[in-house]
Every structure is written in C-alpha cells, then in structure tokens.
**Student:** 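The structure follows.
The chains referred to below are lettered A, B, ... by the order of the sequence lines, with proteins before strands, and numbering in each begins at 1. These numbers come from the heavy atoms of this one structure, side chains and all, not from hydrogens, waters or symmetry mates.
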There are 2 protein chains.
Amino acid sequence: MISILSALAEPTRLAALRILADGGEHCVCELMDRLGASQSRMSRHMSVLKANGLVVDRRDAQWVRYTINPDLPDHLRPLIDAVLAAADAETPLLKGKAA
Amino acid sequence: MISILSALAEPTRLAALRILADGGEHCVCELMDRLGASQSRMSRHMSVLKANGLVVDRRDAQWVRYTINPDLPDHLRPLIDAVLAAADAETPLLKGKAA
DNA sequence: GGCTTATATGCGGCTATGCGCATAAGCAGA
DNA sequence: TCTGCTTATGCGCATAGCCGCATATAAGCC
C-alpha cells in the first residue's frame, strides 16, 4: 500500500482528486475521458486513492461513482485542501504534465 | 528529479523537515543522529529537499547547515504547514516508521 | 603537508510503482 | 442467456527511487 502523501504525488491521481473536489460523484469512465487515461490506469489510480481513504466509491448500476471521502479524518482535511490549493497555483507540485 | 509532493512522501525526509520546522539550522550530522540514518542516506535526502526548494543550505566550516527555505513560494507555505500538522496527528501519513 | 571530521556522489543492486495488454467480473436490457 | 457497457485485476515489463559501500571533496587543526 502507498502512503497518503505518495497517493497525492502522482499527476493523474491529483488531477482526479481535483475533479472530485467539486463535491460531486464521478464515474471512472468520466475521469478517464477528462484525464486522457486508459481504463486500467484510471481504475488502478482510483483504487490507490480509495485504499488510502481519500475517496469512497459507490456502485450505481454499471458505474462506480467516486467521491471525496466525506468522513475524511479531521487532520487530513486541511492537508487535502492545501494540496488542492497549491495544485491550482502555477508552480508545479509534480513533475508530470498537469491535466 | 522528484516532485514536491514526492519529496514530502518519504519518512526520513518528512522527519527531517519536522526537525527543521523549529526554524533553526541543523547540520547533516545532527539529522543523521536524530533520525538514525546513515550519512549518505541523510545527505541524499537533504539534497532532494533542497532540489525541490524546500530547504536551503549554508556552509559553516566543516558543516553544512540546513534550514527551511525562508523564500518558500507563498502558495507552498500552507501546504508545508498542513503536511507538518498532519504529520503530528496520530494517523500515519506515511507507511514507514515515524522518527 | 598529514590527519580528522563532515558532506557529497558515483556505482550497483534491490524493490516499489506505473503502465499496457488481456481477461475477469458486475450490471442491465433484449 | 446473450450481448454490450463499465470496472477491476493478473501478468509482465520498464523505470524510478532508496540504499549501502566506497570514494571524492571540503574545511579545520596540528
């Protein structure tokens, strides 16, 4: 398993989290399309975020909808917020390309 | 090179940053001792932090003193603070052992 | 210069991580 | 049940990152 910080330190995962940060539910297929990631890649990245408690998923017919974990531990919330805020800034947090 | 978030996602580096967070200057030898890291390991970890702009170093006779980068970009400051704060909490941010 | 202490780095090995490909598994509708 | 759509996962490969070891570099002291 990957640590929380490592989970955030991957461009596609961070980009996915930024999409989820709108508070809505998003299926893997939508994230794939918006991030230009292959299906297996996207699915695996979401499973990493999930394994680290950052997101939760919900079966909805054929789809799996992901959301930011609403029960995120209190001490993690400001961290996530800070990471997302910093990701908005111009200085790259990550080496890869932004999405 | 490693991204900023990846730089933080390593137990020894995060622990070093927590030591530097007291605002003081700390040489590699002190960090080695306090974190139980070998010399080359500690030196390399500090170079990663430095390469990512998180710390700065200064020659002082035989020693190299490291400090948190005082000119940290504004949008990174809250991120670092949040990471350090979260690292103080009980839930492990990283998989490795704390120091 | 020679010795000691402190730090950086080249090298090789090991492991973790990310990826694509193929396939399995889950669900719905005919 | 058969088909199609969506998601998960086993497998193998390529690479990145971490480590120890040895050595180089740098500074101070005699």
**Student:** Are side-chain heavy atoms of His26(A) and Tyr66(A) found at a separation under 4.5 Å?
**Tutor:** no
**Student:** Measure distances between side-chain N and O atoms of Gln39(B) and base N and O atoms of dA6(C), and say whether any donor-acceptor pair falls under 3.5 Å.
**Tutor:** no
**Student:** Could you check whether Ser3(B) and Ser6(B), counting side-chain N and O atoms only, form a donor-acceptor pair closer than 3.5 Å?
**Tutor:** yes
**Student:** Could you give the CZ-to-C1' distance, from Arg41(B) to dA6(C), as a whole number of Å?
**Tutor:** 18 Å
**Student:** Starting at the 5' end of DNA chain D and moving along, which residue's nearest nucleotide shows up first, Arg44(A) or Arg59(A)?
**Tutor:** Arg59(A)
**Student:** To the nearest angstrom, how far is Leu49(B) atom CG from dA8(C) atom P?
**Tutor:** 12 Å
**Student:** To the nearest Å, how far apart are Asp57(A) CG and dA8(D) P?
**Tutor:** 7 Å
**Student:** Distance check: side-chain N/O of His45(B) vs OP1/OP2 of dC19(D), anything under 4.0 Å?
**Tutor:** yes
**Student:** Under a 3.5 Å cutoff, is there a donor and acceptor pairing between the side chains of Thr12(A) and Arg41(A)?
**Tutor:** yes
**Student:** Given Val55(A), which of Leu72(A), Val48(A), Leu49(A) fulfils the side-chain contact (heavy atoms from CB on, under 4.5 Å) condition?
**Tutor:** Leu49(A)
**Student:** What does Ser43(B) touch in the nucleic acid at a heavy-atom separation under 4.0 angstrom: a base, only the sugar-phosphate, or nothing?
**Tutor:** base
**Student:** With respect to the side chain of Cys27(A), which nucleotide from dT7(D), dA8(C), dC19(C) is positioned closest?
**Tutor:** dT7(D)
**Student:** CD of Glu10(A) versus C1' of dA16(C): gap in Å, rounded?
**Tutor:** 14 Å
**Student:** Is the shortest heavy-atom distance from the side chain of Trp63(B) to the side chain of Cys29(B) under 4.5 Å?
**Tutor:** yes
**Student:** Tell me which residues in residues 60-70 of chain B lie within less than 4.0 Å of DNA chain D, going by non-hydrogen atoms.
**Tutor:** Ala61(B), Gln62(B)
**Student:** Please report, rounded to the nearest Å, how far the P atom of dC27(C) is from the CZ atom of Arg58(A).
**Tutor:** 13 Å
**Student:** Measure from the side-chain heavy atoms of Ser40(B) and tell me the nearest of dA22(D), dA8(D), dC11(C).
**Tutor:** dA22(D)
**Student:** Would you tell me if any nitrogen or oxygen in the side chain of Ser38(A) comes within less than 4.0 Å of OP1 or OP2 on dG20(C)?
**Tutor:** yes
**Student:** Using the salt bridge (Lys or Arg N to Asp or Glu O under 4.0 Å) rule, take Asp57(B) and Lys50(B) through it: C-alpha gap first, then chi angles, then the decisive distance, then the call.
**Tutor:** CA-CA 8 Å; Asp57(B) 61 350; Lys50(B) 179 183 171 189; 3.0 Å; yes
**Student:** Between C1' on dG17(D) and CE on Met46(B), what's the gap in Å once rounded to a whole number?
**Tutor:** 18 Å
**Student:** Is the backbone of Ala16(A) close enough, under 3.5 Å, to the side chain of Arg13(A) for a donor and an acceptor to pair up by distance?
**Tutor:** no
**Student:** Roughly, in whole Å, what's the span from CD in Glu30(B) to P in dT7(C)?
**Tutor:** 10 Å
**Student:** Measure from CG on Leu35(B) to C1' on dC18(D) and round the result to the nearest Å.
**Tutor:** 16 Å
